[in-house]
Student: 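Just passing along the structure, written as structure tokens.
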Amino acid sequence: MSDQIQFIVEKLNQEPFRKNYNLITFDSLESMQLLQLLNDVLGEIDPKHAVDIREELPEQTAKRMLTLLGILKYKPPGSISDLSAFRQGLVTGSKPVIHPVLHWLLQRANELKKRAYLARFLVKLEVPAEFLQDDTVADINKQYEELMEAFKNLHKECEQLKTSGLSTAEIRRDISAMEEEKDQLIKRVERLKKRVETVQNHQRMLEIARQLRLEKEREESLAQQKQEQKNQLFHAEQRLQRAQLQLKEMHHAVVDSKPESLMKKLEEEINFNSYLVTEKIPRELESKKNSAYFLQKVVAEPAMSQSDLNVLEIKINEVNAQMNQLIEKRMMKYEPIDSKFSMYRQQASIISRKKEAKAEELQAAKEEMSSTERQMLQKTSQAHELEGSEVLKGDEFKHYVNKLRSKNTFYKKKRLEIAEITAEYGILQRTEELLKQRHEAIQQQLQAIEDKKGISGYSYTQEELERISAVKSEMDEMKGRTLDNMSEMVKKLNTMVAEKKASLAPVIKELRQLRQKCQELTQECDEKKIQYDSCAAGLESNRSTLEQEVKGLLEECVQEESNYRYINCMKRNLEVQLQRAKEEMKAYVSPDPQERRKAIREQYTRMILEQENLGKKLREKQKAVRESHGPNMKQIKMWQDFEQLMECKRECFLKQQNQTAIGQVIQEGGKDRLVL
């Protein structure tokens, strides 16, 4: 509740209300102030309700608010008793009633404004049926409904245009730009015509140009047809490849087959299909028909209660018990004779069930095989589309295996060569290690000899000196080349700098003048910009005030137009009512009895008399029914007791019959045993 009040306060403090409330001041508002606040919110949604509630009666205020809330489709919480309390609370300005209404209105303000605007034109004016009997009133009402439908369609189109993202300003700009382009093209065509008219044989050249354009268009159409034919050819090639693949598979399937095997396969298929057609499918069809018949019968029957179901279950149990008794009697009579036949029947039923199961398995296997073949065709077509290799079969697969074997032998041969090269590489690596060891041993011997002679490090020093001298000579050469290059580069740079200075001197003078001019223009631009901003601000303020005035005038115009239409309709209705009243008075005062019968008063008088007579007859009939009610109920009770008595007698008779039949069977069985 606190969140609801906080939301209401926030919305009331914003535009266009600006109430500057807080939670305490809003909660301390009196009932009249709350009603005025609710009226202000309703007036913002529908300007017709922007009135002071102190200037009208409370009943009128409540009626007006309830009418608008009904148009806005506000649903107060609770049942019918709560609705009466809601109306009472709305009249008295109760906070528990006003606060939810304010929350609902402020939460959907924009949507409700649109709904209130549409309600002014779409809430249908209810005309009494007796007034519609007049042709003039009926025609006006029909025109009114047609105008309402036209308004609906126009409003839908307007909303679609608003949501389409195209504004009228953009459309106008596009139209003006297209008109300018059209004018430019017309002028250009006229200039070209004038230029062409001065050329000799211009008509012939124009004809040739037209033919050239036609030929180019024809060339484009032919190119398009060529592309379409290429696409058709590509699709035809794909279909041909699929057909060839199917033919190839059929050939592979027929290669190893013989006439006897084909005939045997065809006989099996014929037997299976004949079994399906003659036995399985008719039996399934008959069972489906029976189930459909029983379902239709169940659907056609009225709805059954639990008591009816219990009665049916009892009857089913009784019938099952009778069936079991009859089966026992039959078995007792015919058991010695039908013992073998029953065994054969059981075997035949088992075989038939196995046959049905195998037929179903075969049908499922065939369906699975057909689906697998379809998947294989799809995969092969996809492989052809992806330019993949075909699935090899038969001789092609054998050839492919032989090719793989030859490649395998070649691979093994190359692998042996790689192994030999690897072994040789190991030998060479070992030789390199031995040579390095010998070189180290020789170096150690040389170092020992140098130590012995007193010149240790001589060989190493000599090698280093030779290496350093070689490096120094290279560096000296590089330094000489670098110094020469640098001196040449400095000379070139000096000459380039002198040339650039000479060429840039007049440019620098011009640049100084341009800088001064730029500063002057910048100052002037700043001054003009200040003037422009001030002028634009003034014009913008004038434009906003004018827009507000125009908006207010438009709203006033719409309001006045709606008032004019409403008053005009009311005037027409009053004129029609006045005309009907004059006709009624004329017919009632007329001395002619035929004219007097046409009067509505006479018609209603006759209807009242007829209804009074009918009421008298119904009261007499009611009196007779009340008098005969007691004896009739006694008679019904007697008939019900009589029906129960007869039902009891029938059950007793049936039980006695069953007992006598069972006694006879037992007596006959005893006699047979005595004879044996």
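Starting from 1, each residue takes its place in the sequence as its number. Below, each value reflects all heavy atoms present in this structure, side chains not excepted, and no hydrogens, waters or symmetry copies. Values in this document were obtained by computation on a predicted structure and should not be read as measured data.
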Student: E561 and R565: salt bridge (charged side-chain N to carboxylate O under 4.0 Å, His left out), yes or no, with the steps?
Tutor: CA-CA 6 Å; E561 186 178 354; R565 289 178 179 172; 2.7 Å; yes
Student: Do Q36 and D40 get their side chains close enough for a donor-acceptor pair, meaning under 3.5 Å?
Tutor: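 Looking only at side-chain atoms, D40 and Q36 do form a donor-acceptor pair, the distance falling under 3.5 Å.
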Student: Is K187 paired with E190 through a side-chain N to carboxylate O contact shorter than 4.0 Å?
Tutor: no
Student: Work out which heavy atom in Q33 is nearest to a heavy atom in E30; give both atom names and the distance.
Tutor: OE1-N, 3.1 Å
Student: Are the charged groups of E575 and R572 less than 4.0 angstrom apart, N to O?
Tutor: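 Answer for the salt bridge query: no.
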Student: Under 3.5 Å, is there a donor-acceptor pair between the side chain of N613 and the main chain of L609?
Tutor: yes
Student: What is the minimum heavy-atom distance between R115 and I71, and which atoms define it?
Tutor: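 Looking at all heavy atoms of both residues, the closest pair is CD-O, 3.8 Å.
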Student: Please name the pair of heavy atoms, one in I8 and one in H99, separated by the smallest distance, quoted to 0.1 Å.
Tutor: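 Shortest heavy-atom separation between I8 and H99 comes out as CD1-O, 3.4 Å.
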Student: Go through the steps to decide whether R210 and E207 satisfy the test salt bridge (charged side-chain N to carboxylate O under 4.0 Å, His left out), and finish with yes or no.
Tutor: CA-CA 5 Å; R210 188 178 67 81; E207 185 65 24; 2.4 Å; yes
Student: Donor-acceptor check, side chain of N568 to backbone of Y564, threshold 3.5 angstrom: yes or no?
Tutor: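 Here the side-chain-to-backbone pair does not exist.
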Student: Stepwise, does the side chain to side chain contact (heavy atoms under 4.5 Å, CB included) test hold for L68 with R64?
Tutor: CA-CA 6 Å; L68 182 58; R64 178 171 54 80; 6.0 Å; no
Student: Does R213 pair with E217 as a salt bridge, N-O distance under 4.0 Å?
Tutor: yes
Student: Return the minimal non-hydrogen interatomic distance between P96 and S94, and the atom names on each side.
Tutor: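 Shortest heavy-atom contact: CD-OG, 3.0 Å.
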Student: Quick one: closest heavy-atom pair of G89 and V97, and the distance?
Tutor: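 Heavy atoms of G89 and V97 come nearest at CA-CG2, 4.0 Å.
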Student: Would you check, one step at a time, whether the test side chain to side chain contact (heavy atoms under 4.5 Å, CB included) holds for L553 with E556?
Tutor: CA-CA 5 Å; L553 291 172; E556 290 178 3; 4.0 Å; yes
Student: For E547, look at atom CD and say whether over 12 heavy atoms of other residues, nucleotides or ligands are found less than 6.0 Å away.
Tutor: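 More than 12 heavy atoms, drawn from other residues, nucleotides or ligands, come within 6.0 Å of this atom.
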Student: Would you say Y144 has more than 12 foreign heavy atoms packed within less than 6.0 Å of its OH?
Tutor: yes
Student: Kindly give the heavy-atom pair with the smallest separation between W104 and K73, and that separation in Å.
Tutor: CZ2-O, 3.9 Å
Student: List in chain and number order the residues that pass side-chain hydrogen bond (donor to acceptor under 3.5 Å, both in side chains) with K142, two or more places apart in sequence or in another chain; answer none if no residue qualifies.
Tutor: none
Student: In plain terms, say whether E524 and K528 are close enough for a salt bridge, that is, a side-chain N and a carboxylate O under 4.0 Å apart.
Tutor: no
Student: Under 4.0 Å between a Lys/Arg side-chain N and an Asp/Glu carboxylate O for K616 and E612?
Tutor: no
Student: May I ask you to decide if E149's main-chain N or O and N153's side chain share a donor-acceptor pair within less than 3.5 Å?
Tutor: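 Yes, because the side chain of N153 sits within donor-acceptor range (under 3.5 Å) of the backbone of E149.
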